[in-house]
Amino acid sequence: MTSNSNTTSKLDYSLVFILILLFLASCFAIYSAQASGQYKENFLIKQIVWYVVGAGIVTMVMTLDSDQLKKLTWYAYGFGILLLGFLIVAPASIAPVINGAKNWFVLPGVGSIQPSEFVKIFIILALSRVIDQHHLKNPVKTLQTDFWLLIKMGIVTMVPLGLIIKQDLGTSLVFLAILLGMIFISGVSWKILVPIFSFGIILIGMIFYFVLWNPAVLEKYLGVGEYQLRRIYSWLDPYSYEGTDAYQLTKSLLAIGSGQTGGKGFGNREVYLPESQTDFIFSVVGEEYGFIGSSVLISLFFLLIYHITKVGMETKNNFYTYICVGVISMITFHVFQNIGMTIGVLPITGIPLPFISYGGSALMGNMMALGLIFSIRYHYKKYMFSTTA
């Protein structure tokens, strides 16, 4: 079937509608958050500008078809690795240490850019390319081919992971979440996965044991910093650290709890929460709109994830399907981790709420991810009756 020449007919209007709702939710939440007066900046205007830039990114990525994405994958991945490597050795004038971490480039006239936000997308593309190419070369599955695929996926993820794990634990967990989601869809035999995941569960249990009773081992052998350990301790017993490491968590719990069922109303915040426009934006939603408003926002994320799932199931291009799984894994982990940390269910890791929290790098990375989903729909009609659509 030939492609419709009318560009607008190829747009995924359902995804556009969801994105507009997320944009409006972000604007309302950031407007209320910046009313605390902690900074003189107008974060709302900046967020709108980043959304406009993000729309441009979506437009560019959307025009790339499957073959073009495959050709660009390793260039993008290599560029991302170079950025992360340069970030380590870059002088403080362009890569300062902020809050004990060196994760941002500070560019004149642009502001702070966090390269790891874009590397998430490059990892999704690289893993999708690896899985797709592996299955084309190995049509007959064996334990040996499955194990080799697992090794290749691990290498692709561990290279960038090794460059950021000491500086940015939150993003490192996102990398692992993407890898985990891609492993499940890769077709690797459960005879391999069950022992590996069992070992992983045991390892996590051992880490928690050392965190609680022998943290010196983690500091010595895994390079876990004292501030990272304090985050876990303050999560387990926040009110013992209320004036220090758990200050934001206790204030977040107070804000969300005080919103009760219907919230206090737009602009009627009473709980002061520093940096609420970024990682703790959900606390603003919980206080002003209560359980009902928070549920609506969460439902919007579920709608987004459902839509991407539907796109991945409808396409007949395996490469596209793997991309959808990677994007779903990334967004789902972000949402659960961010909301979980604001209500005290999960430790604080500094992961923003996708499309809602203020932040140019995170928003552009997420818009790039949605650009890939738009691309699938944009090029879908061209291959509707093909086995490679």
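If you're wondering where the values come from, they're calculated on a predicted model, not measured in any experiment.
No donor-acceptor pair closer than 3.5 Å links the side chain of S375 to the backbone N or O of G371. Of the possible donor and acceptor atoms, none in the side chain of T157 sits under 3.5 Å from a partner among the backbone N and O of G154. The main-chain N or O of G312 is never found under 3.5 Å from a side-chain atom of T315 such that the two would form a donor-acceptor pair. Between the side chain of D279 and the backbone N or O of N338, no donor-acceptor pair lies under 3.5 Å. Side-chain N or O atoms of S116 include none that pairs as donor or acceptor with a backbone N or O of V119 at under 3.5 Å. When atom types are taken as modelled, the side chain of Q68 and the backbone of D65 share a donor-acceptor pair closer than 3.5 angstrom. At distances below 3.5 Å, at least one donor-acceptor pair connects side-chain atoms of E288 with backbone N or O atoms of G267. When atom types are taken as modelled, the side chain of Q248 and the backbone of P274 share a donor-acceptor pair closer than 3.5 angstrom. Between the H135 side chain and the K141 main chain, no donor and acceptor come within less than 3.5 Å of each other. The backbone N or O of L249 lies less than 3.5 Å from no partner atom in the side chain of E242, so there is not a single donor-acceptor pair.
Shown here is F197, whose CZ atom has more than 12 heavy atoms of other residues, nucleotides or ligands within 6.0 Å. More than 12 non-hydrogen atoms from other residues, nucleotides or ligands lie less than 6.0 angstrom from CZ of F43. Annotation for Y31: atom OH does not count as buried by contact number, only 12 or fewer foreign heavy atoms lying within 6.0 Å. Within 6.0 Å of CZ on F336 lie no more than 12 heavy atoms contributed by other residues, nucleotides or ligands. The number of heavy-atom neighbours closer than 6.0 Å to CE of M158, taken from other residues, nucleotides and ligands shown, is above 12. With a 6.0 Å radius and a threshold of 12 heavy atoms from other residues, nucleotides or ligands, K70 has its NZ atom above the threshold.
Nearest approach of T342 to L253, heavy atoms of both residues: O-CD2, 4.0 Å. Nearest heavy atoms, S32 versus V284: CB-CG1, 3.8 Å. For the residue pair S329 and A177, the shortest heavy atom distance occurs at CB-O, 3.7 Å. Closest heavy-atom contact between N317 and S66: ND2-OG, 3.0 Å. A pairwise comparison of heavy atoms in V335 and L353 identifies CA-CD1, 4.2 Å as the closest pair. Scanning all heavy atoms of the two residues, the minimum distance from R377 to V311 falls at NE-CG2, 3.5 Å.
Summarising the geometry, atom CG belonging to L254 is positioned 7.5 Å from atom CD belonging to E287; distances are rounded to the nearest 0.5 Å. Going from atom CZ of F280 over to atom OG of S357 covers 10.0 Å, rounded to the nearest 0.5 Å. One finds the CD1 atom of I339 at 10.0 Å from the OG atom of S283 (value rounded to the nearest 0.5 Å). In this structure, CG on L303 lies 9.0 Å from CG on L22, to the nearest 0.5 angstrom. For the atom pair CD of Q144 and CD1 of I192, the computed distance is 10.0 Å after rounding to the nearest 0.5 Å. Summarising the geometry, atom CZ belonging to F79 is positioned 10.0 Å from atom CG belonging to L84; distances are rounded to the nearest 0.5 Å.
For the pair Q337 and V174, the minimum side-chain heavy-atom distance is 4.5 Å or more. Considering only heavy atoms from C-beta on, L370 comes within 4.5 Å of L304 through its side chain. Counting heavy atoms from C-beta outward, Y51 and C27 have side chains that stay 4.5 Å or more apart. Side-chain contact check for I183 versus L179: some heavy-atom pair is nearer than 4.5 Å. Looking at heavy atoms from C-beta onward, M367 lies in side-chain contact with L19 at the 4.5 angstrom threshold. Put simply, the side chain of Q34 reaches to within 4.5 Å of the side chain of N42, judged on heavy atoms. Contact annotation: the side chain of F333 approaches that of L173 to within less than 4.5 Å [non-hydrogen atoms, C-beta and beyond]. I123 is not listed as a side-chain neighbour of M182, based on a closest heavy-atom distance of 4.5 Å or more.
Classification of the F184-W190 ring pair by plane angle, with boundaries at 30° and 60°, yields tilted. A perpendicular orientation is assigned to the rings of Y77 and W74, their planes being inclined by more than 60° (bins at 30° and 60°). Ring geometry for Y233 against Y241 counts as parallel: the plane angle stays under 30°, on a 0 to 90° scale with 60° as the upper cut.
Hydrophobic clustering of Ile, Leu, Val, Met, Phe, Trp and Tyr side chains at less than 4.5 Å, counting indirect connections, unites I204 with L212. One hydrophobic cluster holds both W148 and V188 under the rule that ILVMFWY side chains link at heavy-atom gaps under 4.5 Å. In the hydrophobic clustering of ILVMFWY residues, with side-chain heavy atoms under 4.5 Å counting as a link, V16 and Y306 come out apart. Under the 4.5 Å side-chain heavy-atom criterion for Ile, Leu, Val, Met, Phe, Trp and Tyr, M60 and V52 are members of distinct hydrophobic clusters. Both I20 and V58 are members of a single hydrophobic cluster when ILVMFWY side chains are connected at heavy-atom separations under 4.5 Å.
The six-membered or imidazole ring of F105 lies near that of F86, with a centre-to-centre distance under 6.0 Å. Checked against the 6.0 Å centroid threshold, F301 and F355 do not count as a close aromatic pair.
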> After noting the C-alpha distance and the side-chain angles of W235 and M341, does the key distance pass the side-chain contact (heavy atoms from CB on, under 4.5 Å) rule?
Replying inline: CA-CA 8 Å; W235 163 56; M341 76 180 190; over 6 Å; no
>> Evaluate F319 against T73 for side-chain contact (heavy atoms from CB on, under 4.5 Å), listing each step before the verdict.
In response: CA-CA 12 Å; F319 178 64; T73 290; 4.2 Å; yes
> Could you walk me through whether L143 and S189 pass the side-chain contact (heavy atoms from CB on, under 4.5 Å) check?
Replying inline: CA-CA 7 Å; L143 289 179; S189 173; 3.8 Å; yes
>> The test is side-chain contact (heavy atoms from CB on, under 4.5 Å); show your working for S276 and R269 and say whether it passes.
In response: CA-CA 11 Å; S276 56; R269 291 181 62 209; 3.7 Å; yes
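Checked options N318, I323, T321; the residue passing with D132 is N318 (criterion: side chain to side chain contact (heavy atoms under 4.5 Å, CB included)).
With hydrogens and angles left out, the side-chain atoms of Q114 and D168 include a donor and acceptor closer than 3.5 Å. Residues N366 and H334 have side chains that never bring a donor and an acceptor to within less than 3.5 angstrom of each other. No hydrogens or angles considered: a donor-acceptor pair under 3.5 Å links the side chains of S258 and K264.
Salt-bridge check for K191 with D146: failed, with every basic side-chain N at 4.0 Å or more from each acidic carboxylate O.
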